[in-house]
Each structure stands twice: as C-alpha cells, then as structure tokens.
Enquirer: 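Structure provided below as structure tokens; questions to follow.
Along the sequence shown, residues are numbered consecutively beginning with 1. Reckoned from all heavy atoms, side chains included, excluding hydrogens, waters and symmetry mates.
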Amino acid sequence: MPSWKDLKRFCERDGWELYKNTDHYYYRKDSDGGTPRFTKVSKGTGEIKGNLWQIILHRQLQVTKEYFNSKI
C-alpha cells in the first residue's frame with residue numbers, strides 16, 4: 001500500500017495544484033473534460049489502508065494503479 005508521502009509526491013509530479021495547506025494538503029486538478037478533481041492528503045507518515053486507498057485512487061484521483069505507480 002502506498003503511503004501519504006507517496007500520494008503527495010504523485011500530486012506534485014502529476015500537476016495537481018496545492019490550493020490549501022492546513023492540517024492536511026488539499027489538491028485539485030481539472031480533468032480532460034474540465035471537471036475538477038479534488039483530493040486531501042494527510043500529513044501523517046503511515047500507509048493508506050486498503051479500502052480508503054481504493055476510494056482515493058478511483059473516485060478522487062481517477063487513475064489506474066499503474067499510472068499512479070509510474071509517477072511516484
């Protein structure tokens with residue numbers, strides 16, 4: 001499972017915009033159709049657990065696991 005640090009690195013390398021930095025990092029990126037996508041990245045150091053990781057990958061990032069891995 002990827003860590004929160006991996007998710008932050010992905011967002012930075014994939015061109016996501018950091019629009020808020022509080023207790024979490026908040027990123028956004030427009031999809032090809034112009035609809036914005038949003039994700040929140042914990043400042044914690046641990047792994048992102050199973051079901052939560054699947055939700056982030058498919059609903060928020062909307063990318064494949066292979067694409068994600070190619071960016072980290």
Side-chain angles (χ1 to χ4, degrees):
M1 290 290 138
S3 67
W4 293 108
K5 185 177 179 180
D6 293 335
L7 179 55
K8 183 177 186 298
R9 185 179 310 121
F10 169 83
C11 290
E12 291 168 350
R13 291 181 177 176
D14 194 48
W16 289 65
E17 174 193 0
L18 176 65
Y19 70 95
K20 189 175 174 183
N21 182 356
T22 58
D23 57 331
H24 291 79
Y25 299 107
Y26 293 83
Y27 288 94
R28 68 176 157 218
K29 182 178 183 183
D30 288 339
S31 65
D32 293 336
T35 305
R37 294 177 282 168
F38 298 92
T39 192
K40 176 173 77 171
V41 180
S42 171
K43 291 187 176 182
T45 58
E47 287 186 344
I48 305 170
K49 301 301 179 193
N51 190 43
L52 178 58
W53 169 238
Q54 293 304 315
I55 291 169
I56 293 169
L57 186 65
H58 298 293
R59 291 186 191 167
Q60 296 179 8
L61 302 179
Q62 299 176 14
V63 298
T64 63
K65 190 184 312 182
E66 292 77 21
Y67 182 82
F68 178 87
N69 289 336
S70 74
K71 294 290 184 174
I72 60 169

Enquirer: Looking at S42 and H24, what are the two nearest heavy atoms and their distance?
Expert: CA-CD2, 3.4 Å

Enquirer: Is there a side-chain contact between K29 and F38 (heavy atoms, below 4.5 Å)?
Expert: no

Enquirer: Give a yes or no on whether the ring-centroid distance for W16 and Y26 is below 6.0 angstrom.
Expert: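 No - the distance between ring centres of W16 and Y26 does not fall below the 6.0 Å cut-off.
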
Enquirer: Within this structure, what is the CG-CD1 distance for the pair L7 and I72, rounded to the nearest 0.5 Å?
Expert: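 The CG atom of L7 sits 9.5 Å away from the CD1 atom of I72.
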
Enquirer: Evaluate the side-chain proximity of I56 to V41: yes if any heavy-atom separation is below 4.5 Å, no if none is.
Expert: no

Enquirer: Which pair of non-hydrogen atoms, one from K40 and one from W4, has the smallest distance, and what is that distance?
Expert: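 Closest approach of K40 to W4, heavy atoms only: O-CZ3, 4.0 Å.
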
Enquirer: Using the ring pair (Phe, Tyr, Trp, His ring centres under 6.0 Å) criterion, which residues pair with Y25? Sequence neighbours excluded.
Expert: none

Enquirer: Can you tell if the side chain of F10 reaches within under 4.5 Å of the side chain of V63, non-hydrogen atoms only?
Expert: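 Sidechains of V63 and F10: in contact.
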
Enquirer: Side chains of K43 and N21: closer than 4.5 Å at any heavy-atom pair?
Expert: yes

Enquirer: Do you know which two heavy atoms are closest between K71 and D14, and how far apart they sit?
Expert: CE-OD1, 3.5 Å

Enquirer: Please answer: with hydrophobic residues joined when any side-chain heavy atoms are less than 4.5 Å apart, are L61 and Y67 in the same cluster?
Expert: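 L61 clusters together with Y67.
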
Enquirer: Check whether R37 reaches the backbone of R28 with its side chain - one donor and one acceptor, N or O, closer than 3.5 Å.
Expert: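 Checked: no pair found.
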
Enquirer: Using every non-hydrogen atom in the two residues, find where M1 and E47 come nearest and quote the distance to one decimal.
Expert: O-OE2, 3.5 Å

Enquirer: Treating Ile, Leu, Val, Met, Phe, Trp and Tyr as nodes and any side-chain heavy-atom pair under 4.5 angstrom as an edge, say whether F68 and I55 lie in one connected cluster.
Expert: no

Enquirer: Please list all pairs passing the side-chain hydrogen bond (donor to acceptor under 3.5 Å, both in side chains) test where one or both residues lie in residues 56-65, with sequence neighbours left out.
Expert: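 Checked against side-chain hydrogen bond (donor to acceptor under 3.5 Å, both in side chains) - neighbours excluded - the pairs reaching residues 56-65 are T39-Q60, Q54-H58.
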
Enquirer: For the residue pair I48 and S3, what are the closest heavy atoms and their distance?
Expert: CD1-O, 3.8 Å

Enquirer: Under the side chain to side chain contact (heavy atoms under 4.5 Å, CB included) criterion, do Y27 and E12 qualify, and how do the steps go?
Expert: CA-CA 9 Å; Y27 288 94; E12 291 168 350; 3.5 Å; yes

Enquirer: Does NZ belonging to K5 count more than 12 external heavy atoms closer than 6.0 Å?
Expert: no

